[in-house]
Every structure is written in C-alpha cells, then in structure tokens.
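To start, the structure under review is shown below, and the notes come after it.
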Amino acid sequence: MVPRPLIAPGHSLTRGIILKEGSLLTKYERYQPHKIEPFWRQKWEESALYRAVIDHSKPKHYALTMLPYPSGDLHIGHWYAMAPSDARARFMRMQGYNVLFPMGFDAFGLPAENAALQRKIHPHNWTMSNIERMREQLKTMGAMFDWEREIISCLPDYYKWSQWLFLQFYKKGLAYKKLSPVDYCPKCNTTLAREQVWGEDRHCERCETPVIKKELEQWFLKITEYAEELLDFSQIDWPEKVITMQQNWIGKSEGAEVTFKLEEGQELKVFTTRPDTLWGVTFMVLAPEHPLVESLTTPEQRAEVQAYQYQASRQSEIERLAVDKEKTGVFTGSYAINPVNGERIPVWIADYVMMSYGTGAVMAVPAHDERDFAFAQKYNLPIKVVISPAGKDLGELTAAYTEIDDGIMVNSGPFTNTPAREGQQKVIAWLEERGQGKKAVNYRLRDWLISRQRYWGAPIPIIYCDQCGVVPVPEEELPVLLPEDAEFLPTGESPLKHHEKFLHTTCPQCGGAAQRETDTMDTFICSSWYQYAYLSPYYQGSTPFDPEEGAYWLPVDQYTGGIEHACMHLIYTRFFTKVMRDLGLVNFDEPMLSLRNQGIILGEDSEKMSKSRGNVIAPDDLVGAYGTDAVRVYLMFGWRWELGGPWDSHGIEGCYRFLNRVWELLLTPVEAKPQPAAEKIKTLERKVHQTIKKATAELQNFSFNTYIASLMELSNLLAKLKPDLWGSKEWIESSKIFTLLLAPACPHLSEELWTRLGEEYSVHNQRWPQWDENLVTEESVEIVVQINGKIKDRLVIPVEAEEELIQEKALALPGIQAVLAGKTPRKMIYVKGRLLNIVL
RNA sequence: GCCGAAGUGGCGGAAUUGGCAGACGCAGUAGACUCAAAAUCUACCGCCCUCAAAAGCGUGCCGGUUCGAGUCCGGCCUUCGGCACCA
C-alpha cells in the first residue's frame with residue numbers, strides 16, 4: 001500500500017482497512033503534536049481550505065471575534081477568546097454553512113507612541129513588527145481565519161475610510177466641534193470619551209490614571225441623536241448583562257421640562273421626573289457654571305456667589321462627586337415664580353447640580369427628594385409636603401418621602417387627592433395646555449468625544465481657514481496621511497502640532513493658507529466599522545466596502561468578545577451601523593445579531609495576570625509543551641466560557657492525556673475478536689448517537705466545557721469496548737464519527753486521525769454527523785423507586801413498559817416490601833422512564 | 001442607594017428546566033507494572049457513623065409550595081459587575 005502524500009513526515013500510515021484485516025503495527029507511534037500540527041497548517045494554507053468566498057448555494061454564517069490590539073505578544077486571553085470561537089465557527093462550517101471568520105489588527109493606539117518615545121522606534125515600525133509576530137502566533141492557534149481578508153487599521157488604505165466615514169457624519173450634522181469641559185488623562189496626554197473613564201475614582205480606562213477636567217474645543221459625534229434607537233434591543237440576541245449595561249449607560253429618564261419665570265423676567269427651564277411634586281417646590285438650584293447665574297446674582301450676594309463659583313471650579317471631579325459630601329450652596333439673591341401656584345421661591349447655586357445633565361438647573365422639592373431635603377435642612381429652607389401615603393399625615397419629616405406608587409397628591413391645587421403616578425401624566429398635560437411646560441425625556445448618554453491629542457491615529461480630515469472657517473477635506477483628497485517623519489519628544493504634545501509640512505496647507509475652498517486639524521480620531525472609530533472592512537479589505541471603490549460582498553455576508557451572525565467593551569466598542573459599532581444605514585451603506589439596523597462574551601483567565605494565584613505579579617501564562621510555552629490542540633481543549637474544558645477563572649497547570653495536563661488516549665484508542669490495534677457481542681455493539685451505537693446529539697446541542701449553545709466532556713465520555717466507553725469491538729465495522733464507523741465530533745476542538749489531531757482512518761482530505765470539509773433519535777433512546781431504563789420521595793430501590797424495565805406493570809413490579813421489590821410492611825400506598829406517581837414515587 | 005448576575009465536594013464544574021445531586025476533569029488514596037522512578041493501567045474518592053452494610057445528613061441561610069425543590073415562591077446573607085448628588 002502506497003502511503004498517502006498527506007501524512008505528516010516521519011509517520012507511517014495506519015489505515016482502518018489494514019487494521020480490520022488484523023495486521024498489527026510493529027512500530028509504537030506516540031501522539032506527536034509537534035510533528036502533525038505544523039504539517040497540517042501548511043497543508044491547509046496550500047490548499048486554501050479556509051478561504052471564504054461568496055457561494056450562493058450555501059447559507060452564509062459570518063462569525064466574528066474581536067480583533068486584537070497588536071501589543072507585541074498574543075496572550076492567553078486572546079486564545080481564550082478566539083480558540084473556542086473558532087471551534088464554534090468550525091462547527092457551523094461542518095453544519096453546512098459557508099463561514100466567514102476573519103482576523104485583523106486594531107493597530108492605532110497609544111502604546112505604539114509610547115514605544116516610540118522610550119525606545120526610539122517609529123510607531124509604524126513598532127506596530128507592523130508586532131503584527132508580523134502576532135500573526136505568526138495567531139497561526140499556531142490553528143484557527144480557520146481567512147488571512148486574505150486581514151485588515152490593519154493603521155494602514156492608509158484602511159484609515160482613508162475611517163476618515164471618509166467621519167466626513168459623512170460631518171455632512172449629516174453628526175460631527176461637530178464644541179468647547180466644553182472634557183475628561184483629560186494627564187498620563188496619556190489626551191482627552192477621553194466618557195465611556196473611557198471608569199470607576200468611582202474616574203480613571204483612564206487604559207492606564208488607570210485618574211482623569212482631570214479641561215476646558216477644550218473638541219470634536220464630538222452625535223451619538224445622543226440615536227439614544228432612543230440604541231435602547232431598542234429587540235432585533236438582537238445579546239447577553240442580558242450587556243443589554244442592562246447599555247441601558248444603564250444610556251440612562252433614559254422621562255418627565256417634564258417646566259418653565260419657571262424669574263422675577264427679573266427671564267425664563268428658567270428645569271427638567272424633573274416628578275411633575276407631581278410641583279406644588280412642593282420651595283427653592284431652585286442652579287449649577288455654579290449655569291449661564292444665568294451672572295445676571296441673577298444681586299450686588300449683595302455677588303462676593304459670596306463668585307467665591308463659591310471659584311471654589312467649585314477648582315475642585316476636581318472626584319472631590320465634587322464624593323458620595324458622602326455635605327451639600328453646600330449659596331443664595332443668589334434672586335427669586336423665581338412657581339408657575340403652578342405663583343409662589344415666590346429663592347434661587348440658589350450648589351455644586352450638587354451638574355451643568356452637564358438636563359438644563360443644569362433643578363426645582364427643589366425637599367419633602368420628596370433626598371438631596372433637596374439635605375440641602376433644605378442645612379440652610380433652613382421650607383419643606384412642604386405634597387405627596388402622602390393614602391391619606392396619612394406625614395407630620396414632621398425626618399427624611400424625604402420618595403415613594404410614588406402609594407402616594408397621593410396633597411396641597412396641590414386642582415390635583416389634590418390625585419394618585420401621584422396618575423398625577424405625573426395629568427400635570428404634564430395641564431402644563432402643556434397652559435404653555436408652562438412639556439413632556440420631556442433626558443438621557444445620561446453624552447455625545448462621543450473623538451478628538452485625541454496624539455500622533456498615532458487617523459487624522460481628523462478637517463482644515464481651518466481664516467477666510468472660510470471649518471472646511472472638510474474633500475473626499476477625493478483622502479486619506480489625510482500621517483506624516484512619517486514626525487518627531488517624538490517627551491513634551492506630552494502631539495508631534496503633529498509641530499510638524500510644519502503637515503500643519504500648513506491650503507484651503508480647499510478659497511485656496512488660501514490654512515491649517516490642518518492636528519488631533520487624531522479615537523481608535524474606537526476604526527473598530528466601529530471593521531466588520532465591514534473584512535468584506536473587501538482596503539476597497540478602492542466609492543464606498544467603504546464592496547456592496548456585493550456586503551449583500552451576501554452581512555450582517556455579522558455571531559460576535560464574540562469581552563464584556564469590557566459593553567459600553568464602548570459595542571455601543572459605538574451599533575451607532576455606526578445605524579448611521580451607515582441612514583447613509584444607505586447598509587440595509588439593516590444592527591451590526592451583530594448574536595453576541596456571546598467570554599470571561600477572563602486569571603493567574604494560578606487567582607489574581608489578574610500581570611508581568612509584575614509573575615503569574616502570566618504564555619500560550620507559546622503551552623503550545624511548545626502540549627501542542628495547540630491540547631491548549632484548545634483545555635481552554636474549552638476548564639471553565640464555563642462566559643465566566644473564566646484561575647489557570648490550573650494540572651488541568652491542561654489532563655487534556656493532553658485525553659488526546660494521547662484518543663490517539664492510542666483509535667490508532668493502536670489490538671487483536672480483533674471474530675464475533676463481537678451484539679449487545680456491546682448496541683451499547684456503542686447508542687452512546688455514539690447520544691454523543692452526537694449532546695455535542696451538537698452544547699456547541700450550538702457555546703457550552704464548550706460540556707461539549708468536551710461528552711467527547712471524553714464517549715472515548716471512555718470506546719476504551720472499554722475496544723478489546724471486544726476493535727476492527728468491526730461499527731468500531732470503524734464510531735472512530736470516524738468520534739473524529740468528526742473532535743474536529744472543531746482539535747483541527748490538527750482530527751485531520752491526522754481522519755487520514756489514518758483512510759479517509760479523504762479534509763476532515764474539515766465533512767458534514768457534521770447526524771444522530772438517529774431511535775438509536776439515542778435506551779431500550780431498557782432503570783427506574784428509581786421512591787417511597788415518600790426517598791429512594792428505596794431500583795427497577796430495570798423496558799422503556800415502553802406500561803405504568804401498571806411498573807407499579808406491580810415495584811411493589812414486589814424487596815427494598816420496597818421491607819419499607820411498606822403491609823401498608824397500602826395512598827397514591828403512586830410515575831414519571832416516564834425516570835421514577836416511581838410511592839406515597840404512603 | 002439603584003439595577004443585574006452568581007453562591008453545588010479539596011478544586012474547575014455537570015444536572016435533559018420540578019424527578020437518581022456531584023457527569024467530565026483536576027487533586028488525593030490504594031493497587032498493578034518497574035531493580036526503582038516517571039509514564040501508563042485498575043479501583044476508591046460529598047459529610048457523618050461503621051470492620052462492613054444499612055440508616056441519617058447534604059446544593060449560602062430561614063421559611064413556604066409540592067408526592068418530590070440545586071431548580072419554583074417569600075424573606076435574608078455573602079461575593080462579583082454596572083450605574084450613581086442624573087434632578
């Protein structure tokens with residue numbers, strides 16, 4: 001027999017047919033992942049096995065996993081995210097889908113620039129050499145990535161489209177420049193979007209340095225315009241947790257905008273969620289920065305007000321937001337008129353009111369709002385009860401009464417005795433009639449600040465002309481190239497600011513001298529549309545991607561990645577897709593139909609992996625020690641995927657042992673028995689079909705750990721039956737099915753086994769096995785017999801046995817007779833194929 | 001404070017959604033093989049009593065529904081995550 005050319009070098013071919021004839025291998029061959037894995041990867045590449053091309057004869061499946069930042073080395077977190085996602089994509093492929101599973105690099109970002117400063121390497125070179133390295137590391141993962149679709153977001157042919165999209169946003173009025181107090185990271189020397197400021201101490205998401213506030217002119221994208229639509233999750237199957245986080249982030253609150261007249265004549269608008277408490281307003285509070293403060297302050301109060309404003313402006317965000325901070329404020333000397341009852345109410349300023357939310361002014365109802373209550377107590381302002389629970393007199397309040405559902409409006413003019421909940425709507429209608437207010441909705445969501453004072457990003461394609469003002473770069477002039485010869489100095493300022501050739505340009509409108517915008521775009525812009533770039537990398541047409549590719553592959557069917565992006569990337573990309581839809585670039589509302597999040601792998605000490613702790617697990621080392629397939633199996637088997645947990649170096653050894661056993665099991669022959677027992681064949685077939693069913697369901701459901709467990713169970717049974725069934729046609733068939741079921745998890749080993757079992761390349765082009773429901777069900781089952789819910793005996797019985805027969809047999813069981821002791825059962829409950837409970 | 005998720009052996013985790021708790025694996029114990037070790041194989045492996053068996057107990061705590069609760073309901077406790085002077 002001539003060995004197939006496909007077999008890994010140094011290996012002899014062992015074919016199922018030979019084994020069936022009873023010839024024994026003389027040479028003991030071990031599982032050697034280091035020989036077979038590189039061999040098959042090369043073969044896959046040569047035969048373009050994973051090339052994804054449009055094929056209208058098949059249903060498509062766009063599987064996507066979050067692209068990595070090229071930090072230099074692939075770490076175990078990347079493997080944990082990607083390898084199981086790959087197994088899922090492979091499973092879909094074997095189910096008959098035409099699967100697209102691309103990979104690329106989110107290549108702009110600050111670390112490259114820091115490396116430039118520290119080690120005098122140009123960010124471009126640093127990034128590209130990291131990509132070279134990481135691409136090779138990624139390839140050792142044995143994933144079915146289609147590398148011909150790779151994208152690198154820092155290449156001009158890519159960021160040209162990031163810039164183009166910015167211009168479309170600008171033309172639609174969705175990109176604007178505004179002077180406002182913004183979050184600034186003093187370590188990264190750049191402004192940040194609010195999404196990138198985390199935690200109670202408001203630190204930078206990247207470097208964990210607490211941010212400071214700066215008043216700067218910055219570019220924003222109007223994501224708030226889409227706030228309401230972003231709250232609609234009806235078209236996507238996303239984890240509840242992500243949805244909740246996005247809902248919290250967007251923070252919708254419904255209520256009314258009420259117009260108060262100031263005695264001086266101006267209007268003061270406030271937002272309230274409690275229009276039912278309008279009759280209880282006893283003072284107004286403005287944010288210290290509120291534009292009306294200046295004109296409202298009376299000469300007597302001026303000194304005090306200005307001192308307070310100064311102090312508030314100097315306070316850091318953290319100080320101002322400190323949870324238990326005592327309320328402070330200052331009276332402006334002016335009064336407003338409550339539109340509902342004409343009462344004269346004092347206007348104060350206080351730093352517990354934020355200029356950035358609502359109108360920057362609130363109507364204070366101390367009786368029914370905790371903050372207003374605390375403030376009123378401190379400054380001896382009146383507290384007027386206008387909501388009380390079911391007719392009860394609240395008396396002297398010791399705390400604000402904030403209940404709504406059992407509250408009744410009191411002392412509220414025409415609305416007295418109206419239930420509070422009902423009153424909210426009625427008061428709004430009443431205000432609208434009288435022209436004093438209207439229904440209003442407020443969102444916590446802020447517009448997306450995209451300016452970064454950094455070099456290594458896509459330049460914002462804007463030109464400033466003394467004559468024409470803000471002028472967008474014409475589309476045909478894109479990309480606005482990053483100059484290569486930038487000088488990196490540790491000044492904290494962007495090198496673009498001092499790059500004369502970049503900075504000075506001519507105005508596209510008047511041709512006069514003009515200057516370029518020197519800020520670059522947030523890298524989250526690049527990753528907001530990358531799923532479209534994979535369709536036709538660096539597309540040269542008139543849109544960011546080839547519409548024909550888009551029509552076939554879009555939208556993304558299955559997205560996987562970390563939950564840390566819930567309120568950043570995952571909101572941004574939804575926003576981008578909705579805008580792209582409104583631009584006519586796509587015809588759907590949501591970029592990713594289904595999303596699953598993996599957890600985080602911790603060090604063996606249960607701490608977050610970090611170089612300083614010395615608890616980092618390097619995938620390259622693991623591949624060296626156990627081979628890719630064992631690492632993949634352990635990453636799937638070790639934890640619930642969505643949770644993750646601490647690494648266990650013994651755990652991976654267990655998985656490596658499993659693969660060794662599989663190798664032995666399927667490839668090392670034993671003496672064939674001439675007449676295999678029929679009942680053993682039956683046992684094998686049943687388990688095989690049960691395993692197909694189970695593995696299918698578990699993979700469908702991202703339950704990788706139980707998918708692997710089901711394969712282990714099957715291999716355990718195969719090992720037990722091997723001495724009896726080796727060489728039989730059922731054995732060979734089962735071996736092949738096992739190999740197919742193993743293929744998503746172990747692409748290399750399964751390919752090698754498949755060849756050695758005498759089958760044609762490639763195992764990855766085979767159809768996923770089908771189970772036969774008739775073979776899945778057991779013929780006889782063990783029924784648990786309980787008395788009063790406690791197990792007393794067991795009964796083995798054919799599965800289709802009648803209930804009466806089971807009852808009869810159960811009552812005759814010795815274990816039951818003993819407990820029964822002549823008593824008559826009150827009733828018996830039978831659960832088909834499971835148990836019989838005898839109730840005394 | 002508000003919202004959400006999770007608590008199961010020494011460990012990671014299973015449990016067909018109300019029906020045998022602890023699948024599968026790790027760690028451990030004993031044995032086989034070996035001059036010995038490693039590797040491999042076999043058996044055991046929730047707690048408590050016991051020579052053993054049987055009984056009893058057991059899914060964070062307390063209570064409830066049910067023939068039957070890890071699973072459902074009510075009330076707590078703990079841990080983690082998100083939001084937070086957001087009007």
Side-chain angles (χ1 to χ4, degrees), chain A residues 30 198-200 239-253 255 270-274 277 285 287 320-327 350-354 356-365 368-372 374-375 402 442-445 563-564 566-567 606 633-634 637-640 642-655 657-658 660-661 664 690 693-694 697 703 705-716 719 782-791 794 815 818 825-840:
Chain A
R30 292 178 55 98
W198 285 23
E200 236 169 272
E240 211 44 57
K241 187 168 180 174
V242 175
I243 291 176
T244 307
M245 283 170 75
Q246 293 203 352
Q247 280 168 340
N248 280 345
W249 188 258
I250 296 166
K252 178 179 184 175
S253 40
V270 299
F271 174 73
T272 178
T273 54
R274 296 292 304 272
T277 63
V285 190
R320 187 158 164 183
L321 291 178
V323 181
D324 316 320
K325 208 189 106 184
E326 206 183 328
K327 303 249 171 316
D351 64 5
Y352 80 89
V353 175
M354 305 293 138
S356 54
Y357 185 79
T359 62
V362 301
M363 56 178 230
V365 186
H368 308 295
D369 180 282
E370 282 166 27
R371 295 150 302 176
D372 299 343
F375 195 82
T402 57
N442 249 287
Y443 301 93
R444 216 186 64 91
L445 185 71
I563 194 152
E564 66 274 13
C567 295
S606 297
V633 168
Y634 180 52
F637 180 67
W639 311 264
R640 272 161 65 177
E642 68 277 19
L643 292 184
W647 185 261
D648 177 7
S649 49
H650 294 293
I652 190 168
E653 280 168 26
C655 293
R657 282 201 286 269
F658 166 60
N660 274 286
R661 281 198 302 273
E664 290 291 316
Q690 285 172 341
K693 185 177 182 178
K694 176 139 205 245
S703 302
N705 56 345
T706 46
Y707 152 65
I708 299 293
S710 73
L711 295 181
M712 288 174 169
E713 274 188 59
L714 178 55
S715 94
N716 288 346
E782 190 184 64
I783 303 275
V784 169
V785 184
Q786 301 178 324
I787 290 185
N788 289 341
K790 303 226 165 177
I791 298 158
R794 285 148 203 278
R826 212 149 46 85
K827 69 177 179 184
M828 288 189 265
I829 290 144
Y830 175 59
V831 181
K832 194 168 186 310
R834 294 194 172 270
L835 65 85
L836 179 75
N837 190 9
I838 301 168
V839 185
L840 291 184

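Every chain is numbered from 1, with letters handed out A, B, ... down the list of sequences. Scope of the values below: all heavy atoms of this structure, side chains included, with no hydrogens, waters or symmetry mates. Note that the structure is predicted; figures quoted are calculated from it, not measured.
Taking atom P in both C72(B) and C20(B), the straight-line distance is 15 Å, to the nearest Å. When the P atom is used for both G12(B) and U17(B), the distance is 27 Å, rounded to whole Å. G56(B) and G64(B) have their C1' atoms separated by 24 Å, with the value rounded to a whole Å. C57(B) and U50(B) are spaced 16 Å apart, taking the C1' atom of each and rounding to whole Å. The P atoms of C47(B) and A53(B) are separated by 14 Å, rounded to the nearest whole Å. Taking atom P in both A87(B) and A6(B), one finds a spacing of 28 Å when rounded to whole Å. Look at the C1' atom in both G9(B) and G25(B): the space between them is 14 Å, to the nearest Å. C62(B) and C77(B) have their C1' atoms separated by 10 Å, given to the nearest Å.
Within 4.0 Å of I829(A), counting heavy atoms only, lies at least one base atom of the nucleic acid. Residue contacts shown for Q247(A) are absent, as no nucleic acid heavy atom lies under 4.0 Å away. Across all strands, G251(A) comes closer than 4.0 Å to no nucleic acid atom at all (heavy-atom distances). Counting any heavy atom pair closer than 4.0 Å across all strands shown, G644(A) reaches sugar-phosphate atoms only and no base atom.
The side chain of V839(A) lies closest to C67(B), out of A87(B), C26(B), C67(B). Ranking G81(B), G19(B), C24(B) by closeness to the L835(A) side chain, first place goes to G19(B).
Searching all strands for a Watson-Crick or G-U wobble partner of A52(B) with both distances below 3.5 Å returns nothing. G18(B): no Watson-Crick or G-U partner with both key distances under 3.5 Å is found in any strand. The partner of G70(B), taking Watson-Crick or G-U wobble pairs whose two distances both stay under 3.5 Å, does not exist in any strand shown. Across all strands shown, C76(B) forms a Watson-Crick or G-U wobble pair, both distances under 3.5 Å, with G60(B). Using N1 to N3 plus N6-O4 or O6-N4 for Watson-Crick, or N1-O2 and O6-N3 for G-U wobble, each under 3.5 Å, C41(B) pairs with G31(B). Using the Watson-Crick or G-U wobble rule with both distances under 3.5 Å, C83(B) pairs with G1(B). For A23(B), there is no paired base (Watson-Crick or G-U wobble, both distances below 3.5 Å).
Across the protein-nucleic acid pair, I563(A) atom CD1 and G82(B) atom P stand 9 Å apart, rounded to whole Å. Atom-to-atom, CD1 of I791(A) to P of G68(B) comes out at 15 Å; the value is rounded to the nearest Å. The separation between N442(A) atom CG and C86(B) atom P is 13 Å, rounded to whole Å.
Y352(A) and F375(A) have tilted rings, their planes meeting at an angle from 30° to 60° on a 0 to 90° scale.
Within the 3.5 Å criterion, the main-chain N or O of N248(A) finds a donor-acceptor partner in the side chain of R444(A). Judged by distance alone, with hydrogens and angles left aside, the side-chain atoms of Q246(A) form a donor-acceptor pair with the main-chain N or O of A566(A) at under 3.5 Å.
Summarising the local packing, CD of E564(A) is surrounded by more than 12 heavy atoms from other residues, nucleotides or ligands at distances under 6.0 Å.
Distances shown here put a side-chain N or O of N705(A) below 4.0 Å from the OP1 or OP2 atom of A14(B). Taking side-chain N and O atoms only, K827(A) has a distance below 4.0 Å to OP1 or OP2 of C67(B). At the phosphate of C24(B), neither OP1 nor OP2 sits under 4.0 Å from any side-chain N or O atom of R657(A). At C57(B), one or more side-chain N or O atoms of K790(A) fall inside 4.0 Å of OP1 or OP2 (strictly under the cut-off). The side chain of S253(A) contributes an N or O atom lying less than 4.0 Å from OP1 or OP2 of A87(B). Of the side-chain N and O atoms in R30(A), none sit less than 4.0 angstrom from OP1 or OP2 of A39(B). Between R371(A) and C86(B), a side-chain N or O to OP1/OP2 separation shorter than 4.0 Å is present. Contact check, N716(A) against G25(B): a side-chain N or O comes under 4.0 Å of OP1 or OP2.
The base of C83(B) is not paired with the side chain of R444(A) by any donor and acceptor separated by under 3.5 Å. You'll find a donor-acceptor pair under 3.5 Å spanning the side chain of N837(A) and the base of C67(B), going by distance alone.
Under the 90° criterion around 0 for the glycosidic angle, U17(B) counts as syn. Base orientation at G9(B) is syn, since its O4'-C1' glycosidic dihedral falls within 90° of 0.
How far CD1 of I783(A) is from CG of L835(A): 7.5 Å, rounded to the nearest 0.5 Å. Taking CG from D648(A) and OG from S606(A), the interatomic distance works out to 10.0 Å, rounded to the nearest 0.5 Å.
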Would you sort out whether Y634(A) and W639(A) count as a ring pair (Phe, Tyr, Trp, His ring centres under 6.0 Å), showing the intermediate values?
-> CA-CA 9 Å; Y634(A) 180 52; W639(A) 311 264; 4.9 Å; yes
Please report the C-alpha distance between I563(A) and M245(A) in whole Å, then the side-chain angles of each, then the deciding distance to 0.1 Å, and finally whether the side chain to side chain contact (heavy atoms under 4.5 Å, CB included) criterion is met.
-> CA-CA 10 Å; I563(A) 194 152; M245(A) 283 170 75; 4.2 Å; yes
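Residues K241(A) and T359(A) both approach RNA chain B. Their nearest nucleotides, taken by heavy-atom distance, put K241(A) toward the 5′ side.
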